[in-house]
Every structure is written in structure tokens, then in C-alpha cells.
Number of protein chains: 2
Amino acid sequence: MTAPPHEAHPAGPGRALPDTQQGMRRRNLSRVMHAVSAGGPLSRAAVASRIGLTRAAVSSLVDELIRSGLLQELGPERPGRVGRPGSALAVSGQGPAGIGAEIGVDHLAVCAVDLRGEVRARSVRHGANRGRQVAPVLAELTALVRRVVRETERAGLWPAGLAVAVPGLVARDARTVVRAPNLDWRDTDLGALLPSGFPLTVDNEANFGALAELWLGEETPPDFLHVSAEIGIGAAVVVDGGLLRGTRGFAGELGHVPVRPEGPACPCGGRGCLEQYAGEEAVLRAAGLEPGEDRVGLLADRAAEGDEDVRRALRDAGTALGIALTGAVNLLDPQGVVLGGALSGLAPWLLPALEQELDRRTAGPACPVTVSRFGPEGPLLGAAHSVVRAVLDDPATVGERA
Amino acid sequence: MTAPPHEAHPAGPGRALPDTQQGMRRRNLSRVMHAVSAGGPLSRAAVASRIGLTRAAVSSLVDELIRSGLLQELGPERPGRVGRPGSALAVSGQGPAGIGAEIGVDHLAVCAVDLRGEVRARSVRHGANRGRQVAPVLAELTALVRRVVRETERAGLWPAGLAVAVPGLVARDARTVVRAPNLDWRDTDLGALLPSGFPLTVDNEANFGALAELWLGEETPPDFLHVSAEIGIGAAVVVDGGLLRGTRGFAGELGHVPVRPEGPACPCGGRGCLEQYAGEEAVLRAAGLEPGEDRVGLLADRAAEGDEDVRRALRDAGTALGIALTGAVNLLDPQGVVLGGALSGLAPWLLPALEQELDRRTAGPACPVTVSRFGPEGPLLGAAHSVVRAVLDDPATVGERA
DNA sequence: CTAATTTGTAAACCGCCATGACGAAATAGT
DNA sequence: ACTATTTCGTCATGGCGGTTTACAAATTAG
């Protein structure tokens, strides 16, 4: 019974939330949902032993969750062991759905995911959004959302929330885009222009990508760095199974970590920021290519064809990334680094130089660098799943709806 | 009732702690302790309104805490308002005490702090520890601890735990010193060689310094970076009122963040690490001074005398620190940076260059840099307070003792 | 076919906080 | 002075939630 190390205190000094019996019930409902969601079909007894409550208590919790439409009884389990077989419980495929949306530089995408984690509807629209006004883009996105919601409802689900991934900095209110260089948006409140009727969350594309990795990855550790890039370079810091957001919500600005302090000037005011070496514009310039549509695809194609200029440009970008990541790894001691978003397509040419630099500069066992399995889909999936997660985390709030 | 953003989930998937009524009671006991501890003498009614429970419930909790010797009834409050005056409650000055210890490069220190946060006993021993064997150092420390414990007991307190601050990397088991370059210690388990009889915690000196800042500072935000240095340069990352430790417990290795990627080679394997510019050895060399005893004091004296070589060396170190911190600030978006430990004495000459570099390189409002008010005392105080904090966080575990 | 094992549920119980009522102790008003 | 009002602390009652205990149901082992 050693005193625990000093992690974030459950409730800091000053005002603190009371601990009432209702809260206890709510947390236990959540525990049941998480257990069933993570453990596949499970009997009440299995859930009870996993979360440490008695069978009787779990029975009561499960009853409530079934009445709310969040759990489903699948019927008796195939018996392999002695004793009465349990009745299999599974997360419902008919309950709430999470709607995820992504505003990309040259596409809009929306999807719906059910509690089981399955994508039940999807809608994509290609076309460059760079420099367009906010309103028409959001109008188009709203249309896509409505289409997906209709489809979802036809499938017997109801939308529990909308989460939008944006390539830019989002304030801690989870509604305002402070700066999105790829879109030329500044200080825009998306809340006013998106469909209401269910809760809205807006977050950075890198953050949602990291959450996808965290929740959907097979062996993703609870502490890692997720690096993502379109034009800027964003990172998401996952600590102890949660996102690190920073005071203003701007944590993860890897793009402006100094790589060479006397390097080229950066619009941010600094010199030699990572973005000056590994940002999309810098890489294109170094590769001797013009800016244009789908530049990342172009880079990948050229590199695959064996274009030496492009390969060298990507190697150099990898080196710069490695230097910046060395700092981040020293500071955060993560269990791994994941390359996601647009970077995943370029990984084959970035990785060698990146890993070499990182290994050389860090003492002890190397920090493993992997590539996201979701590629460009990560942020969209993460967004949709974040809504599902919110339901699992507090099933009571949506219980009345069904 | 918007869904909360996706912070660390109270209990990740898989195995999770059950939520029972006893746990509820324990958390509420903790809330009462924290409220009284933070709010000065408080009546039961005041506590109730602060933590959101009813007066009756608080009465019951307070009774238990008084029986355990953790709270004290001071008697009726001086009435200034209408109504019956409350009975003032205060944290007990006779209950458990936290024993803090520090192993420095050239001193050992131990102190005892009561629940009120007051230092009740103290014992220091000067003398260089660099290169000494582990056993004799710990034997001396044990003697100091025993002396402080005796004194504490004479004052009517009992030791609730021992926390030891070490200038080096500590594993997540909070017992093993993995690497302490200033002492030439490697992979030593302090648990075996220190007094048993109460719980032991070992942690990095920078971490404990940061906790002191967090808990004892007047206006310390819950998100900040605490930079500290003896020979190496360590930082502690405080996020959301808790320490970020990293996978292996090595988070905060600011000293090996690359500042100039092609700079001088570092023992860590990298090049141009911060330590090569702002580490004690590097600064002494740049200032044209020999290594020796109390080198930090020497630097401060010479700088105060106006020695231009020393001042330039410190300016350059400040610049390097500024570059490294730019990366950290971009990555973590903290509310502030605090210079502590040995750095606090050199702050006047480090700060200008550091702030200039940091401001220039970060967009938006500057991240404020301050100097710790505790100076070299921070880690010791933080260690002792960490034990006190553990009692406040879970009063039930120590309740039986009294 | 019986014994053993496991599951799910129901009834009684206990612990914890909420509610409401009350006496106690102060102030405010007449 | 005396009463009304306000606030504090406590007690009795009640509701809620998980535990304990008991038991029927369903399966395997012998």
C-alpha cells in the first residue's frame, strides 16, 4: 500500500465536484460499457469479474443499459466449460452513432460509426477548399452531414454527436478554429455554421488521428506522439491514454520547434523551424517541384519512380523531423512515435533518415517509430469514434434518448 | 451537458477499478481534507458548500477525520455575520508528518513538514558526495532522517512517509536511481538502504521542485515547465496539476534536446545538445573557469562583480536555453516556465537572453518565465510536501495509525 | 442419473448521502 | 429587553446502490 506517485490529482484544491451515489452509478455504467465494448461478447458474470463488482450489481447495471438500448442480449453462449452458460452481451448496433467529419485541404468527408466501432455510412466530396470562404465550405459539409445522418437513421441508429477534424489550431472551447493556414481561416467559430441538434466538437486533425491510433490500433501504447502533416506539421501528444492539449489548446506545434536556430526565417517569427525543412512547401521547393493540387501524391509518385531530387528532399525532411523529434522524445519519454496523415504516404522515404537521426541522438533503447495503419483516414475515424467514446464514458447522458 | 473533451479516461479499457461506496467515502474524506487545508480554518457548513455535500454528510466525515487525528476543532468562530457561528476546523498540527530528504552534489538535507505545511524539523549536512559510494552516503542520510524523525516525534507527530529527491533519473518504481551523473550512481535501488517503517518514494529533484512550485507557489498555474540544473539540465513537466513522467519515468530530459544539430558531440550520443551550451561544465569552460567546489556560487559571484567573460558565458547559456525551451513551449503550450534549483541563482544573467530568444521564436503572447521563490530549497520542500499530499489525497489509509 | 460447477436473479442487509426538522447561538429590529 | 431572523450543527428518516446470501437453472464430469 505505497502512496501513489503524484499524478494529476482527481480534484485540485479549491472547488471540487462532490462524490454522490448517482455519480457512482454513472461511472459503473461506464465501466460495464467499456468492458463489453473491449472484451467482445461477455456474460454478466464475466463483466462482473472484470470490473470487480458483484454479479448482482452488474445485472442491475446491464438491465438499465439494455433498457437504454446501449447493450444487447445475444442469447446463451456456446458452452465449453462446466456450469450454466452465460448469456452473451454485446454493445448495441442499433443505438447511438457518432458522426465524424473532416475538413481537408482538398476534400470533405463525413462518416457515421456505431457503438461497435463499425462504419455505417460515409460520404465524401473532393475539391480544393484552400482559400474558400468559410460559409460555403461549411454549407457543403452540412449537406454531407445531413445525408449521412439520414442514412444512419434509416439503419435504425440515431446521431449522438458530431465531431469535426480541422487542419489547424482549435481553441479549448472545441468550437473555434484559431488558425488554419491551409484553409486561410482565422478565428472562426464553426459552432454557428454547422448543424445543431446534437453536441458538436471541433478538434485538430492530428489530435483525432492520434485518438484513432489510440483506440483502434492493435498494440498502441497509452503514451505516444502522433505526427501528422498537411502543409504545417502538427503533432498530438498522448499521455496516459489522453490527449495533452496545453493551456490554449495549442499543444503539439511540432512545426515550429527550432531545428537549426540560425536557419531560414519562418512566418512564426522564429528561424529554422521544422516547417522550414519538412513542411510541404519546403520539401516541394527542395525537390524542384511547383506547388499545386495533390502535391503529396505527386511527391510519393516521383519518389517511387526513383526521382533522386525528390528522394533527397524527403531524406532531408526526414532528418529534420528526426532532430525535432529527438527533442520531443527527450522531453516526453513516450513509448513510441506514430507517423500519420499525409506523412504516412511518404513514410518509406522519410523513415530511414528520421530513424537514423533519432537513434543516434537518443541514449538507451530507441524509441520505435511506426506508420499509422489508417493513413489519411485516421482523423475522420478518430472524430467519429470520439463521439462513440463519449457515450461509452457516460452512458447515462444518452440513456433517456432511446 | 456537452460531452467533455477526450482527456485521460478515468479508467482505460480492460481492467478497471470498481466504484464502491467505500471508495466514495474515501474520496469525500479527501475532499474535506483538501478544502480545510486550502481554505484555512473553516466551519463544517463552509466545507459543505465548498465541496457540494450537505452539512450532515460533512459532519459525519469530519467526525471521522477528527477521530483519526487529521483534523482539529479550534472552537467557535468569531462571529461577524448573523446566525450561529460555526466551529472552526483546521488541519491537525499533531498528526502525520511528511519527511523529505535531498541528496545534493555537495550536501544532504532532511526536513519534516506537518499537515499544515509547516516545517517542524530540519537537518543538513554539507560535504561533497560526488563519486562517493552509495552505501556511506545513504548511511549518513539515514542518520539525518532518524534524527529528524526523533525530533518530529517529540513534537507529537508521527512520520507518514519518506520522500527522497535525487539529482538524476529515477525509474517509475520510485525507488531505483537509473542514472545520476553528478553522483556517478547507476541503477541503484535506494529502497534497500534507507530506513524502512514508512513508505518510501524516490524522485527526480526537478520533479519535486516543480511540485513545490505547484503546491506552495502563490499563483502557480496547473500547467507549466520547471527547469532545474545542477550539472545536467532537468525539467519537470506539469500538466493539469500533475507530473508528466513518461514511459520509463525519464520525461523532462531537457539537457539533451538538440540546440544546434551539428554542434559539439555529447556523451549521450547526440550533437549540440542543450547541455553542451548551458550545462555547468560548458558554462565554466566558456567563462574560462576551472571545475571545482560550489561552481554555481562562483559563477554568480563573478557575474555580480561584472566579469564580462562570465556574463557572456551566461548570456550564451540563456540563449541556448531559450532555443530549447522554444521547442518545449511549442510542443506543450504551458502557461509558464519556472526556473528553479541552481538556475535560480543565475537567473539575473540568464533571463534576458532566454526571454529574448523565446519571445522572438514563439508566435502570439509570450510564455512568461519566472524564477522559483524557493531557490535551492524547492526540491526538499516538494519532497516533504509530497508525503503530506498523499495523506490529504487519501486520509483513510493513515486513519488507523492514529 | 447424480454430483459439481457456474450463471442469473431475488430478498435481506449495510453503508452513505440527502432531506427535513430541531435546538443552539448569533444578529437585527422594535 | 424581547422577538424575529439567520446560520450552524445534529438527529431521525428515507432513498439509493452495491453486497451478501440463497436458490433455481443449465451445463459438464463421473
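Within every chain, numbering begins at 1; the chains are lettered A, B, ... in the order of the sequence lines, protein sequences first and strands thereafter.
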Base, sugar-phosphate alone, or nothing: which one does [X] contact when heavy atoms must sit under 4.0 Å apart?
X	value
B:Thr54	base
B:Ala56	base
A:Ser60	nothing

Would you tell me if any nitrogen or oxygen in the side chain of A:Asn28 comes within less than 4.0 Å of OP1 or OP2 on D:dG17?
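For D:dG17, neither OP1 nor OP2 has a side-chain N or O of A:Asn28 closer than 4.0 Å.
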Side-chain N or O of A:Ser59 versus OP1/OP2 of C:dT9: is the shortest distance under 4.0 Å?
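It does, given that an N or O in the side chain of A:Ser59 lies less than 4.0 Å from OP1 or OP2 of C:dT9.
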Residue met sooner reading DNA chain C from 5', once B:Leu61 and A:Ala88 are mapped to nucleotides:
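Checking each residue's closest nucleotide, the 5'-ward one belongs to A:Ala88.
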Distance, rounded to the nearest Å, where [X] contributes [atom1] and [N] contributes [atom2]:
X	N	atom1	atom2	result
A:Ile51	D:dG17	CD1	C1'	13 Å
B:Leu74	D:dC8	CG	P	17 Å
B:Gln22	D:dT20	CD	C1'	13 Å
A:Arg27	D:dG17	CZ	P	12 Å
A:Asp19	C:dC17	CG	P	8 Å
B:Arg25	D:dG17	CZ	C1'	16 Å
A:Leu29	D:dG17	CG	P	9 Å
A:Arg26	C:dC17	CZ	P	18 Å

Nucleotide of [options] approaching [X] most closely (side-chain heavy atoms):
X	options	result
A:Ala45	C:dG8, D:dT19, C:dC17	C:dG8
B:Arg44	D:dG9, D:dT19, C:dG8	D:dG9
A:Met24	D:dG18, C:dT19, D:dG9	D:dG18

In the 5'-to-3' direction, what one-character label does each nucleotide of nucleotides 22-30 of chain D receive under the scheme B = base within less than 4.0 Å of a protein heavy atom, S = sugar-phosphate only, - = no such atom?
--BBBBSS-
With distance as the sole test, does [X] use its side chain to make a donor-acceptor pair with the main-chain N or O of [Y] at under 3.5 Å?
X	Y	value
B:His385	B:Leu381	no
A:Arg373	A:Leu216	yes
A:Asp203	A:Asn207	no
B:Ser386	B:Ala383	yes

pair B:Ile66-B:Leu89: side-chain heavy atoms closer than 4.5 Å
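Yes. Closest side-chain heavy atoms under 4.5 Å.
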Within a radius of less than 6.0 Å around CD of B:Gln22, do more than 12 heavy atoms belonging to other residues, nucleotides or ligands occur?
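Incorrect, the count does not exceed 12.
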A:Arg84 bridged to A:Glu77 by N-O distance under 4.0 Å:
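No salt bridge links A:Arg84 with A:Glu77.
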What about A:Gln21: does its side chain form a donor-acceptor pair under 3.5 Å with the base of C:dG15?
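By the distance-only test, yes, there is a pair.
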